[in-house]
Structure formats: C-alpha cells, structure tokens
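Here is how names work: the chains are called A, B, and so on, in the same order as the sequence lines, proteins then strands, and each is numbered from 1.
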There are 2 protein chains.
Amino acid sequence: MVTMRDVAQRAGVSIATVSFLLNDTKPVTAATRARIEQAMLELGYRRNVVARALASKRTRIIAMAYPALEHRFGMSTAEFFTSAAEAARKDDYHLVLWPVGNDGVELRELLGQGLVDGVVLMEVQLDDPRIAVLRQAATPFAMIGRTTELDGLSHVDIDFDTTVEDAVRHLYELGHRELALISGDLDDPRFHAYGPWVRVEEAYRRVAASYGLPVVVLPCSDTTQAGKAATERLLDRHPETTAVLVLNEYAALGVVSGLKRAGHDVPGNTSVLALLSVPETAAMTDPELTMMRTPGPELGQLGTEALIRQLEGADPLPPQLVPAKLSPGATVATPRAPRPKAGAGRRGARKARS
Amino acid sequence: MVTMRDVAQRAGVSIATVSFLLNDTKPVTAATRARIEQAMLELGYRRNVVARALASKRTRIIAMAYPALEHRFGMSTAEFFTSAAEAARKDDYHLVLWPVGNDGVELRELLGQGLVDGVVLMEVQLDDPRIAVLRQAATPFAMIGRTTELDGLSHVDIDFDTTVEDAVRHLYELGHRELALISGDLDDPRFHAYGPWVRVEEAYRRVAASYGLPVVVLPCSDTTQAGKAATERLLDRHPETTAVLVLNEYAALGVVSGLKRAGHDVPGNTSVLALLSVPETAAMTDPELTMMRTPGPELGQLGTEALIRQLEGADPLPPQLVPAKLSPGATVATPRAPRPKAGAGRRGARKARS
DNA sequence: CTGAAAGCGCTTACAG
DNA sequence: CTGAAAGCGCTTACAG
C-alpha cells in the first residue's frame, strides 16, 4: 500500500505538506504542488479513508436509516436512496443504507460504533423514538419526513396539503363529485403514527369538505391485495363513487385490478388517481396510472444537503416541503353520467348538489 | 467519548487486556473479565470501529456492488440486499450498498479508499470488467451470479437450467404444447452479456427442443410496457400459443395486461408463468402471477458467507447453484382446447403431435 | 494470564 | 509556505 509517507519522500517534502495539499487546508507553492502531484501520480497514491477518519474524527460517512422491517423497500425508496447517495458523493461523503428498526434500538447500537458522522432519517413517525437516540448520541441528522414536534429539527418532506389539494381539484374540475380516498391503515402498528398516512388523510378530509364533497375514506394496507379488497368494500358501500384517490402505490395497483374485475371500465366508469407513486410503479397497471409523482429525487438530495450543511457548520438549510406533482396517465377521465339511485338517502341529497 | 483507556484504567488493567477480552483473542481470568465487563458497563463503553479498522487493517465492512444505472433496484434486489446484510451482521460485519457502474471505473475509485474488506458482486456479466479491477486491488470478492470463465472464482447463482426445466415440465404436464418465451433483449447494451438473460434463453431453447416443442422466443426489455408490446407481437405471430414464460418480472406484469387487453382470459385462454419473480411483484397482477420464485434470500446469504469465509481464511464455500422454485399463483391452468387453424403450416403439423 | 510499547496512516496545532 | 511531532483509539507481536 502506498502511503502518504511514500509520496512525501518521493516529492522531498513532509507528510504534513502532502496532507495540506490534499485537503486544501493550507497554501502550497506551485512548485511543491507539482512535485507532490507528480509523486502521487507515479505511485498511484490513494488516501486511506480509515486513517483520515481516525485522525480527523470525521468518517465522512452518512447513514440513511431505513426501517426495512416496517416498510417495504421498493421503487420509491430506491429513488430516495440513489439521489441521496449522489448528493453525498458530490460533497465527498459516502452514503450507506442502514436497514434498522423503527424503534431506535438497532440505531443506537450502530451509532455507538462511531462509523458515521450523521444520519438521514427515512419514514419518520409523528413521535419518532429514533430522535431521542440520535440526540443522546449527539449525532447530527436530517429527516426526510417530519415529527409533530419539530422544534428546529432539520427536515424536508412532501407537501401533503398541496398534493392532496391539487389532486382533488384536478378531479373536481373534471366534474367528479363523488370521490373516495383509499387511505392507509392507521390501525396497523407499523404505520400507526406514520407521518404521510396521517397527514394525507387529514388533508383529504379537510380539502374534500372545503369542496363540499362527501368525505369517504376507507383504510387500506400497503399491498396490492389490500387494494383489491378495499375496492370491493368501496363498491359495496359507495357505488356512486366516480373517482378514487389511493394513498399507497401498491394498493393503487390493486384498486385498478379490483375495479376492472368488478366490471368497471377505468377510467370510463371510474377514475383512479394514485396520490404518491413513481413512474415505474405507475406503468405496472393497464391502463397506466395517473398519479401525483412522489418527489423522491428532490427530497433525497435536499435531505442529504441539509445534513451535510450541519456537518460542515454551514448555514442550515431551511425546512422544505415539496408537493407531488400531477403526472398524467390513463386512469383519470371525466366522470360517467350519474345513474339514478335506488333510494334517495343522504348521499343522494349530496349528489343533487353537483 | 469513552475509550478503551478509560475502561482499562477503571478496571485496573492494561488496554491490551481489554482488547484481548473484547476480541476473545487471548484468555483472560474470570476475575479480570468481571472487572473489565463491569467497567465497560458502568462507562457505557463502545468500541470505536474506525480505530479498530486502522490498527487491525480490517474494516469489517463489505460492499455490495450494484450497478444501479444499468439495473433497476426493485423488490428482488431488496431481497438480496437485506438477506446479505443480515448474514453479514451475524458475523460482525457491516454490509453496505454501493451503487456503482457496470464497467468497474467507480468501483476502482471506491476500492482505492480502503474502506472495505471485500465485495459482493451483483448482476454479474459473462465477461465482467469489474473482476479485473477487484483482482488488481487484491480485494476479496464473491459473485452472486457468475462469469463464463470461472477459474476458481467464489460464486453462487441461480440454477437456471433446473429452473427452466421445472417450469417447462410443469406446463408440459398440464398439457401445454404451444409455449413461448418472452425473453430478455440481448441487443440492449445494458444487458448485452447479462448472465441470467443469456443463460435462461439458452436453457429454454435446449429444454423446449428436448420436449419436442416449437421454440418460440421473443426479445423483450425489462419493463411492463415492453411486456405489453411483446405480447402484441406474440399474439400476432404465434396465436396458437397457450402458455407464455416470461423472464423479467416487470415484463410479466405487462404480459398479463397485454393478454387481457387482447381479450384473452388468463389463465383460461392463455397461461402465464414468470420465470424469476418475488411474491411482492407477483401479487401486483390480477390474477396473481404463478412464478418460479427467485431464491434471493438464499443467494444473498450464501454469497455473503462465501465472501466472509475468504476474509476469515476459512475453508472456501463451494460454488452453489440454487433453482427458483415453482410458487403457485393463478395464471397457469390447463390449456384451452386447440382451435382449428386457418392454414395447416409447420406449426399446425407440430400441433398435431400434442 | 497480563503489560509496555510500537504501530496502523493520517490530521493538526505549534513553531519557524 | 513548510516541517517535526503529538495524537486519533485501537491491535498485536514481544516479553515476562
């Protein structure tokens, strides 16, 4: 292994000077620089990051903590990860993926080893036990997502309010008046206090009401199967529905299948709009899903930058909320003509308003 | 930060003794052990992995090199990663995911930094340029997949021959005689020499011929869209097909959609069997895909173990090929009754044999 | 069974 | 602008 000592010797300088040049931490004359660079080139020198980490007390490694047990690692997550990794590399950091539990136990274990300078927290819960662990370890961190109590915590997140508002408006403007949200299942312990699910459902209830629409919300887990099952319940209980918003992208696939299986034409009969999805998943249905596209690449990058700013002692990045943007597919169209109802109940009354 | 020195001081021993205990590298009397453990507990000591790495010249970090540019990181890959990470942790190693290009350039860059003890190579090409890079850096590695020239390289892979054989036999025994393989697109530069695609196609041609079946193979890329398009071509050119095998799991989703869109009942009219998939993906279609289930968990674990054995200087793990196993779904059934053909060409003649 | 000491390959005050 | 030297927190021959 070629060390800094070898380079220094060959260049006829001290190892301190080599270090200064390499880190651009003190000025070096052009002549000296040339000699050192020449020596490095000739010897094929590569700085040892472990030694650097020990001496500088900074590993330049960032961990992305992902609760792989509780959340599936799918296409969306891959987007977050790859964009975060890219942002880290740009600033000469390594980003590594840590599949650790939601509860902070494994995280504490890992932090203790001193391997990472900071953590990007994924899939944040409203009251996330990992926060206390990170604070106790005095490890800088940034959240992709956010807790309820933010008090100055560095974070970026999806702007759920705008996303839901945009989604509902889109359907409303097409003429839809009988909407339903296939939401998350907050009874599931894994998702009990999962920010996106809580916030989307809240936003939807508010927005739908503000549009004077009936508020139909069905819980649903994060699988295609669950999406199918929820669709059956929906058709049974709210056959008047002309457009379905679906929170989870895998559930959205099941909603499309479920509707088609029930003899519905999508979107002729019923429109489907995925509230948070990515092109890869949206392309899996037939017809392709219309969706609000998760801003994964933006958030992965922003979250990492927010963390790195902390690590470098730079001005903190202000918290940012990025909305998912409408991405046209083929599952949303104008609503079917309303069919006469059997009984004229509450729903029928509302229907009359549209 | 609590260091080994602190622990040693409190326990009234030298730091060497603490180290011996911690690493179980030299015997320590019960009394000494008790004192040290007590001290560690009281101080909340955690060994610094960076210092350990520098002193021992082993970081205990393993990188899983994944060509994220060329291959999608989906459910299947997540399985490999999580099972490999688990296997590594069991032996007190860290496994980190490295999204690096196929060509070895980024890999060389990363290896030079001395951050990892070894590499698990994913998505291996038949003649993989990364091998030379790893050899040159003298970095131990194991392949999940395999090159054409194996000369002793540590590897585990899918047993494509058995997988394809089992798949074809299953369909054959149900009575299917008109099969087609929606294969990979070997003209795509990303997959040009991609082991699984090449090997599956070869195996299929051999097995189909050995069963006396017509060999129908259509190239297809790794997307749902491509699967739909390939299905149109298939129905156009080989309407007699009663069962379709699909290599790529995302393409398989498109094949099901494509068949249904063309008015085919799946599996009543046409059966679909995904050759390499995972339950999460298989559940995305309606009906759910019948598949040969990718042995991701096994291979992730075996590949990591093979590497760790090298690192520890233990007996090498012999290369292992693990077949994908049939996992029942609802897209495979007995074939439809053959319809009379317009013209009685070559295919008609074959058909008569069944 | 235990300890004193060298050393891993860097960074970083401190001095000049 | 450059260098000598201490130190990061461990591991590991070597000695006893």
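Between the side chain of A:Thr59 and the main chain of A:Ala53, no donor-acceptor pair closer than 3.5 Å is present. Side-chain N or O atoms of A:Ser154 include none that pairs as donor or acceptor with a backbone N or O of A:Ala142 at under 3.5 Å. Judged purely by atom type and a 3.5 angstrom limit, A:Asp157 has no side-chain atom pairing as donor or acceptor with the backbone of A:Leu321. Judged by distance alone, with hydrogens and angles left aside, the side-chain atoms of B:Arg35 form a donor-acceptor pair with the main-chain N or O of B:Ala11 at under 3.5 Å.
Pairs of Watson-Crick or G-U wobble type, with distances under 3.5 Å, assemble into runs of 3 or more in DNA chain C at these ranges: C:1-3 with D:14-16, C:5-12 with D:5-12, C:14-16 with D:1-3.
Closest approach of A:Leu299 and A:Ile144 over heavy atoms only: O-CD1, 3.5 Å. Minimum heavy-atom separation, A:Val124 to A:Arg130: CA-NH2, 3.8 Å. Closest heavy-atom contact between A:Glu123 and A:Asp128: O-OD2, 4.2 Å.
Aromatic ring orientation, B:Phe81 versus B:Phe73: perpendicular (interplanar angle above 60°, classes split at 30° and 60°).
Listed by first then second residue, pairs satisfying ring-ring contact (aromatic ring centres under 6.0 Å, His included) with a partner in residues 7-34 of chain A number zero, not counting sequence neighbours.
Residues from residues 16-26 of chain B lying near DNA chain D, meaning a heavy-atom separation below 4.0 Å, are B:Ala16, B:Ser19, B:Phe20, B:Asn23, B:Lys26 in numerical order. A heavy-atom distance below 4.0 Å to DNA chain D is reached by these residues of residues 38-60 of chain A, ordered by number: A:Leu54, A:Ala55, A:Lys57.
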Which donor-acceptor pairs under 3.5 Å do the side chains of residues 84-91 of chain A make with protein atoms, sequence neighbours left out?
{"from": "A:Arg89", "atom 1": "NH1", "to": "B:Glu106", "atom 2": "OE2", "distance (Å)": "2.7"}
{"from": "A:Arg89", "atom 1": "NH2", "to": "B:Pro99", "atom 2": "O", "distance (Å)": "3.3"}

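Contact footprint of chain A on DNA chain C: nucleotides with an atom under 4.0 Å from a non-hydrogen protein atom, first to last in 5' to 3' order, C:dG9 to C:dC14.
A:Tyr93 has its side chain out of reach of A:Thr304: every pair of non-hydrogen atoms, C-beta onward, lies at least 4.5 Å apart.
The side-chain contact (heavy atoms from CB on, under 4.5 Å) test with A:Val322 is passed by exactly one of A:Thr294, A:Leu302, A:Ile158: A:Leu302.
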